[in-house]
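Scope of the values below: all heavy atoms of this structure, side chains included, with no hydrogens, waters or symmetry mates. Residue numbering restarts at 1 for every chain, and letters A, B, ... go by the order of the sequence lines. All values derive from a computational prediction rather than experimental measurement.
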Amino acid sequence: MELTLPIPNLRAIMPELVMTFWACLVLVVDVLISKERKTWVGYLALVGTLVTMAFTLPLLGTRTSTFSNMFLVDGVALFFKFIFLLATALVILVSLRYLDIEGVNLGEYYAMILFATLGMMIMAAGNELITIYLSLELMVISTYVLCGFIRRDRRSTEAAVKYFLLGIFTSAILLYGMALLYGLTGTTNLTEIGRALQAKNLGANPALLLAMIFLAAGLGFKVAAVPFHMYVPDVYEGSPTPIAAFISVGPKAAGFAVLARLFLVSLPAIRPQWGTLLWVLCVMTMTLGNLVAMKQSNIKRMLAYSSIAHAGYVLIGLVVANEIGLASVVLYMFVYAFMNIGAFSMVILMCKRGDRGERIEDFRGLARSHPWAAIAFLVFFLSLAGIPPTGGFIGKFYLFSAAIQANYVWLAVIGVANSALSVYYYFRVTMLMYMSDPSGEIRLTLSPSLVFALAVMVIGTLAIGLYPSPLIAAARASMAPIFGP
Amino acid sequence: MTPTEIQHALGGFPILTLVTFIPLAGAIVLLFVNSRSTGLIKGFALVVTLIDLAFSLPLYTRFDRTTHLMQFAERHEWIPSLGAQYYLGIDGISVLLILLTTLLGAVSVLCSFKAIEERQKEYYVSLLVLQTGMLGVFIALDFFLFYIFWEVMLVPMYFLIGIWGGPRKLYAAIKFFLYTLAGSVFLLLGILALYFIHGGQTGDYTFDIVKLIYQVKLTTGQQFWIFLAFFVGFAIKVPMFPFHTWLPDAHVEAPTAGSVILAGVLLKMGTYGFVRFNLPLFPQASQSFVPFIALLSIIGIIYGALVAMAQDDIKKLVAYSSVSHLGFVMLGVFALNVQGVSGGMLQMINHGLSTGALFLIVGIIYERRHTRMIADFGGLSKVIPVFTVIFAITMLSSIGLPGLNGFVGEFLILVGVFQRSIMYAAFAVVGIILGAAYMLWLFQRMMFGAVEKAENQNLRDCTAREVIYMLPLLLFMFVIGIYPKPYLSILEPSVANIVRQVQVDRTPQAAAQKSAERDMLQRAVSPSAAQEQAPSRLAGARPAGVAGAGASKAAVPVAGDGATGDAISPSSGAPAVAAAAPSLPAAAGVPQPAPHRQPGR
Amino acid sequence: MDLSFLFFYLFAAVAVGAALVVVLNRNILHCAMALVLMFFAIAALFLMLGAEFIAAVQVLVYAGAIMVLFLFVILLIQIDRVQMLRFAHRQSPLVVIIAVLLLAELLYMIIRGTLGIAPGGADAAAAGAASGSTEAFGALLYTTYLFPFEVASVLLLAAMIGAILLARLDKEEVGGVSRQDMS
Amino acid sequence: MISLQHYLALGAILFAIGVVGVLTRRNAILILMAIELMLNGVNITLIAFARHAGNLTGQIFVLFIITVAAAEAAVGLALVIALFRGRDTLNVDEIHLLKW
């Protein structure tokens with residue numbers, strides 16, 4: 001039998017190729033470099049994300065596919081790739097010093113981050129169930145390892161075990177949903193699934209509904225939606241802080257990318273049903289996340305619940321699921337990358353050897369001794385709470401306006417009520433920072449890379465808040481090929 | 001130049017931008033000053049506020065009092081994809097509030113020199129940022145921009161209360177923040193609803209306040225719900241009766257300057273919001289909400305006065321008196337006639353002056369005795385005569401003695417309310433009497449009688465600095481009280497315009513009906529021309545036809561190119577029949593003839 | 001009665017029985033052995049469905065590699081004595097939801113005899129059986145499904161590095177830990 | 001000929017048993033085994049669907065699932081080893097630092 005290997009469109013997958021190459025390069029360089037110089041591996045990985053970004057740029061505006069229509073290059077995929085690469089670059093920057101403090105300065109760390117990013121990039125571009133599943137696994141397996149990276153710290157390992165078990169459990173549920181979709185249509189290509197389901201006119205077929213629920217459950221775990229959120233606080237608390245920041249942005253965004261593509265492309269036939277399902281998830285996620293966050297005394301757990309609540313806000317965009325709705329999803333995830341990694345970086349700033357600086361009480365009186373750090377934290381909190389003039393406000397504004405425009409007024413009402421509620425716990429920390437006297441001397445762990453990353457994130461958060469026009473235009477443009485004429 | 005605004009009053013000089021952002025620029029510069037050089041920080045903050053005050057004066061002197069149009073307007077693209085612009089402008093309603101803000105800004109910096117000893121740099125930075133936020137709220141003519149200023153303002157106020165406040169500062173700060181934030185998120189929903197309704201109707205998605213006010217058509221149900229959303233946002237800020245509980249806490253815990261600004265400016269944003277947005281945007285809802293709001297206002301007036309009477313703490317007393325006074329303002333505004341609204345607007349300024357001054361007085365006495373209990377004082381008039389005179393004038397202004405500013409405002413409000421309902425007016429009078437009672441009683445207990453406490457024997461009288469910052473406030477109390485005409489005349493065109501708007505039926509049915517009526521008239525005048533245009537107008541085809549009201553009321557001609565909406569053309573008093581024909585050319589985008597821009601007297 | 005029914009029920013019964021042992025038995029070694037048995041039964045069913053290559057992979061990878069790994073770890077750390085993790089408390093709502101959903105699906109299938117899946121024609125089934133050859137499978141894998149194949153290779157690399165990283169005994173690090181301990 | 005429904009029922013039963021196992025077992029390795037049961041339930045479903053649909057996509061899917069299962073098992077068991085090694089070295093008793 002003559003076998004002709006397909007000739008793929010290499011230009012389309014160039015960013016992924018570069019990323020794969022760079023991850024391997026990092027692994028090789030890691031072996032060659034001495035133990036004291038491991039930070040250089042981090043810088044190398046950073047350069048890798050930037051180079052990948054540079055290879056992604058020329059693809060902007062193109063719309064193509066390759067590998068038997070399994071891999072798409074379109075606006076959504078590209079925008080998400082930028083979010084992933086941005087998050088990765090920021091996480092690498094804030095990791096450099098942290099790894100030293102925790103005594104796990106190993107090159108593999110950066111390789112695993114790059115592998116996880118590669119997985120996300122393929123997830124966002126995947127147009128086929130097998131590809132999506134494999135890339136998702138590539139992403140989560142890398143993050144399992146990263147969670148458990150501080151092996152001497154039992155909390156880190158336990159967090160990894162927990163994340164791992166729940167992760168593969170929900171992956172199996174996701175798989176069952178995918179299997180049902182395949183069974184109903186005989187194909188694994190998302191576009192063809194959508195076409196077949198429309199043609200068959202199955203309507204509210206129980207198998208289809210079951211598939212929908214299982215898919216939502218499996219991906220709900222990845223985006224940390226209630227009721228699939230139980231792992232989040234423990235995992236965020238236990239894992240290395242930069243990895244908690246990474247998980248709270250990257251895999252979440254990737255989960256949203258897949259969720260959006262899967263439901264919109266493959267399941268338009270049961271739009272009302274999944275609309276309702278996501279509506280319920282969205283309301284539960286926002287409300288529970290915010291309510292529980294109020295009671296936390298550990299800042300990483302608080303940020304974990306806050307990130308759950310933010311997943312709820314983003315789900316508003318998926319419930320709306322029109323051009324504006326999806327544009328608001330990508331817009332919000334972009335802003336969220338800045339502000340959430342920023343907030344986690346403040347925890348890194350407080351971290352010392354043997355003390356992770358995670359108690360909210362640790363921030364008492366920070367504004368006295370370190371006014372600039374306090375201002376940075378304030379900006380991130382204002383943004384997370386959705387108060388102008390920050391990017392978080394623009395993001396939420398866009399989400400809520402999408403909801404109102406599509407007549408989901410109650411969703412918007414619940415959203416803004418939650419948003420007001422969230423102020424309480426963000427400002428509790430602000431109060432401690434500004435309005436209480438320090439209980440002892442506060443020493444921050446500063447490093448040039450961390451300060452640089454913080455400056456980038458503060459400026460980014462404010463810049464998007466003051467002049468969001470280009471970003472909004474880009475988000476809209478990224479959706480145009482899908483919804484437009 | 002579009003007829004809704006006068007852009008080049010100062011030859012294109014961006015005076016509003018400067019007035020708004022000078023304090024912010026000052027705050028940013030202050031950030032980089034060494035926090036130990038406190039003298040420099042104080043001086044710099046004062047200079048910045050004085051410069052801001054100086055820049056705001058031309059807004060008054062160069063103000064065109066013959067028109068209700070937006071003046072000194074600046075308009076730039078900002079977020080085109082959302083339809084949000086950087087659009088500033090002022091009219092008679094906002095100009096006095098801006099002057100009040102810049103004046104109180106300088107006063108509050110000056111009054112803090114001694115009172116604030118900790119973390120001075122952060123303090124003055126917060127004050128300056130706060131001032132930018134407040135000015136922005138009054139100046140912004142784009143809902144998006146407005147909302148940003150509205151929210152930004154909360155943060156520095158929160159810090160002012162929370163860092164430099166009294167013993168329960170944390171509680172008061174978070175309560176203040178959560179209450180006002182909860183209100184403003186509903187405001188946000190209302191704004192979004194308005195935005196989409198207007199966008200859906202005209203295809204022009206914009207946050208332009210002027211455009212929305214003149215163009216959007218709302219059904220009765222939409223008016224009700226959006227009014228309610230705006231109401232929650234503004235009523236918390238005012239604060240109206242059931243939403244007022246944050247106010248005493250915030251006032252009592254805030255430092256003096258914080259209280260001055262809170263009472264003088266922040267509370268006015270609620271009433272300003274009602275006048276600027278609720279009345280013209282939702283006329284039917286405003287009309288039908290009158291009994292409800294009047295009830296809440298009257299409860300607020302009486303309840304505030306009674307609670308004030310029962311206070312032992314001077315600052316709490318003044319705080320509750322604000323609830324009472326603001327109830328008065330709301331009652332005047334919702335009389336929905338020219339006298340009531342202008343009275344309410346003027347009373348906002350008066351309250352800013354007199355209550356601001358009262359808080360300053362409380363601050364002066366507190367700095368000396370570190371107590372605010374009324375019982376700790378008595379017979380002060382013999383010890384500190386200058387202080388007594390200042391206090392007396394302020395107190396008399398607050399209770400509305402003729403010849404002082406409070407009288408003019410209260411009188412106008414009463415005249416307006418009387419026209420609407422004698423019963424409301426009766427309750428309002430009761431409120432005035434109660435107000436006089438607790439103020440006079442307070443003055444009597446503090447100032448007269450024998451000096452019983454030893455600590456009060458050797459109190460220092462007001463210093464020169466204190467007299468300097470009290471003087472302008474006292475001066476304006478007299479000026480407005482004796483010769484209010486300039487201030488009323490600056491308000492009048494805008495207020496008259498708002499009151500006219502409240503009479504307009506904004507529901508689409510009404511608009512359709514009106515235009516149908518007009519078509520019939522038109523057909524009678526020139527049958528052939530009308531028949532050509534009639535179908536599109538009846539169908540409500542926005543860009544081409546005038547779906548707006550008849551010309552005698554606020555006609556809303558829309559320029560065909562989707563540019564700024566044409567001006568309201570009030571020729572009030574002129575019969576509809578006569579006005580219908582001449583205003584027709586405006587429908588095609590031709591500028592209005594000049595006489596239409598002048599409110600008929 | 002077709003002989004294939006007999007085989008199906010035999011293997012299905014073995015698989016379900018072994019599965020029950022896995023979730024019910026207290027002895028972890030017994031569980032592991034039952035799992036191996038289930039893998040074989042499933043492999044047999046794969047054969048009946050015309051998936052010879054997958055059946056072979058099932059035996060080689062699952063029974064051959066994964067289970068060896070399991071047994072190795074079990075024996076290495078004597079895990080059976082330790083009660084480690086507890087899912088049941090907080091997860092019970094999830095248990096109920098998923099169990100109810102699956103039960104509903106099963107009942108629906110039994111009652112209606114279908115999942116709403118249109119029956120593939122006899123020729124479709126025949127085509128399926130015919131194309132089940134390993135050769136066709138390989139051709140498809142290296143042409144249409146080349147991309148997932150590549151992704152899988154990266155995934156295996158990442159997993160390998162991760163597993164080595166997590167499991168390796170780093171002498172320096174152990175030293176570091178004890179230093180940390182003493183301080 | 002055994003119908004599609006037979007295989008689907010078997011798959012669903014295996015999957016359900018696996019779910020119950022995951023949620024009731026307390027030992028990480030046993031949970032991992034229960035997840036393997038779920039995956040096998042998925043696999044048999046996919047293979048049955050593949051024959052039903054008359055294409056090989058389902059079989060390809062299963063091949064990849066087995067691949068991933070192997071990778072997961074390797075990482076998972078490495079994590080378990082790390083967990084227990086940490087426990088030995090640090091001599092921490094069985095208190096869980098993180099709440100389930």
> Compare all side-chain heavy atoms of C:Val14 with those of C:Phe40 and state whether any distance is below 4.5 angstrom.
no
> At a heavy-atom distance under 4.5 Å, which candidate from D:Gly18, D:Gly76, D:Ala71 has the highest pair count against chain C?
D:Ala71
> Mind ranking D:Ile44, D:Ile60, D:Leu30, D:Leu37 by heavy-atom pairs under 4.5 Å with chain C and telling me who comes out on top?
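Highest number of pairs under 4.5 Å: D:Ile60.
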> With respect to C:Ile66, which candidate in C:Val36, C:Val61, C:Leu35 satisfies the side-chain contact (heavy atoms from CB on, under 4.5 Å) definition?
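Looking at C:Val36, C:Val61, C:Leu35, the match for C:Ile66 under the side-chain contact (heavy atoms from CB on, under 4.5 Å) is C:Val61.
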> Can you name the closest pair of heavy atoms from C:Val21 and C:His30 and give their distance?
CG1-O, 4.4 Å
> Which bit of D:Leu14 comes within less than 4.5 Å of chain C, counting heavy atoms only: side chain, backbone, both or neither?
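D:Leu14 touches chain C through side-chain heavy atoms alone.
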> So that I know where these two stand, are D:Tyr7 and C:Phe8 an aromatic pair - ring centroids less than 6.0 Å apart?
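Close enough - the centres of the two rings lie under 6.0 Å apart.
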> Return the orientation label for the C:Tyr62 and C:Phe39 ring planes: parallel under 30°, perpendicular over 60°, tilted otherwise.
parallel
> Please state whether the side chain, the backbone, both or neither of C:Ala65 comes within less than 4.5 Å of a heavy atom of chain D.
neither
> Looking at chain C, which one of D:Asn40, D:Leu79, D:Leu32 has the largest number of heavy-atom pairs inside 4.5 Å, strictly under?
D:Asn40
> Among C:Ile42, C:Ile54, C:Leu141, C:Leu24, which has the most heavy-atom pairs under 4.5 Å with chain D?
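Greatest number of close heavy-atom pairs with chain D: C:Ile54.
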> Quick one: which of C:Ala15, C:Ala158, C:Ala12 has the most heavy-atom pairs under 4.5 Å with chain D, could you say?
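With the most close heavy-atom pairs to chain D, the winner is C:Ala12.
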> Do D:Leu4 and D:Phe49 touch side chain to side chain, with heavy atoms closer than 4.5 Å?
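Of all side-chain heavy-atom pairs linking D:Phe49 with D:Leu4, at least one is under 4.5 Å.
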> Report which part of C:Ala32 has an atom under 4.5 Å of a heavy atom belonging to chain D: side chain, backbone, both, or neither.
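Both parts, backbone and side chain.
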> Determine whether D:Ile81 and C:Leu166 make a side-chain contact, defined as any pair of heavy atoms from C-beta on separated by less than 4.5 Å.
no
> Can you tell me which portion of C:Phe149 sits under 4.5 Å from chain D's heavy atoms? Options are side chain, backbone, both or neither.
both
